[in-house]
J.: 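Here it is: the structure, laid out below.
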Amino acid sequence: MIENHPFTAISVKLPKTNLLIVSNEIGYIMCGALDVDLLNDKLAERKIVAARAIGVKTIEQLLDAPLDKVTNEAENKGWYKGINAKEALLKIAE
């Protein structure tokens, strides 16, 4: 929950890294593993609301981090490079 809005947080421990995701039905934020260019270029027709934050190792760090890169569709939701991840997620809260 972020300010009483439901989100799902997923942390997967992988060799030498962690895969981190916070999402709801509208969009998601991930760690640096997210290929935003792929979503914008090859999967543009899907209109995916997503962004990545880099240098994070926990869900808490992910939520507190500034976004490094956002999809074109996420920009339509008010997300931009540098916005705090938690603030961005609240823009798509239901």
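Please read these numbers as outputs of a predicted model, since none were measured by experiment. All residue numbers in this chain count up from 1 along the given sequence.
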J.: Is any side-chain heavy atom of Glu73 closer than 4.5 Å to one of Asn40?
T.: no
J.: Donor-acceptor pair, distance only, cut-off 3.5 Å: does the side chain of Trp79 make one with the backbone of Val70?
T.: no
J.: Identify all side-chain donor-acceptor contacts of residues 46-56 below 3.5 Å with residues at least two apart in sequence or on another chain.
T.:
unit_1	atom_1	unit_2	atom_2	d
Arg52	NE	Asp68	OD2	2.8
Arg52	NH1	Leu34	O	3.4
Arg52	NH2	Asp68	OD2	3.0

J.: Provide the full list of side-chain hydrogen bond (donor to acceptor under 3.5 Å, both in side chains) pairs with a residue in residues 29-39, sequence neighbours left out, each pair given once.
T.: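 side-chain hydrogen bond (donor to acceptor under 3.5 Å, both in side chains) check on residues 29-39 returns Asp37-Lys69.
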J.: Would you give the length of the straight line joining atom CG of Leu67 to atom CG of Asn84, rounded to the nearest 0.5 angstrom?
T.: 7.5 Å
J.: How long is the span from the CG atom in Asp64 to the OG1 atom in Thr58, to the nearest 0.5 Å?
T.: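 Here the rounded value is 8.0 Å.
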J.: Measuring only between side-chain heavy atoms, which start at C-beta, is His5 closer than 4.5 Å to Leu90?
T.: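 Heavy-atom side-chain distance check passes, below 4.5 Å.
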J.: Please output the side-chain donor-acceptor pairs of residues 12-33 that fall under 3.5 Å, not counting sequence neighbours, one pair per line with the distance.
T.:
unit_1	atom_1	unit_2	atom_2	d
Asn18	ND2	Lys57	O	3.2
Asn24	OD1	Ile26	N	2.8
Asn24	OD1	Gly27	N	3.1
Asn24	ND2	Ile92	O	2.9

J.: Asn72 and Leu39: side-chain contact (heavy atoms from CB on, under 4.5 Å), yes or no, with the steps?
T.: CA-CA 9 Å; Asn72 297 332; Leu39 299 179; over 6 Å; no
J.: To the closest 0.5 Å, what do you measure between CD (Glu87) and OH (Tyr80)?
T.: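 One finds 5.0 Å between CD of Glu87 and OH of Tyr80.
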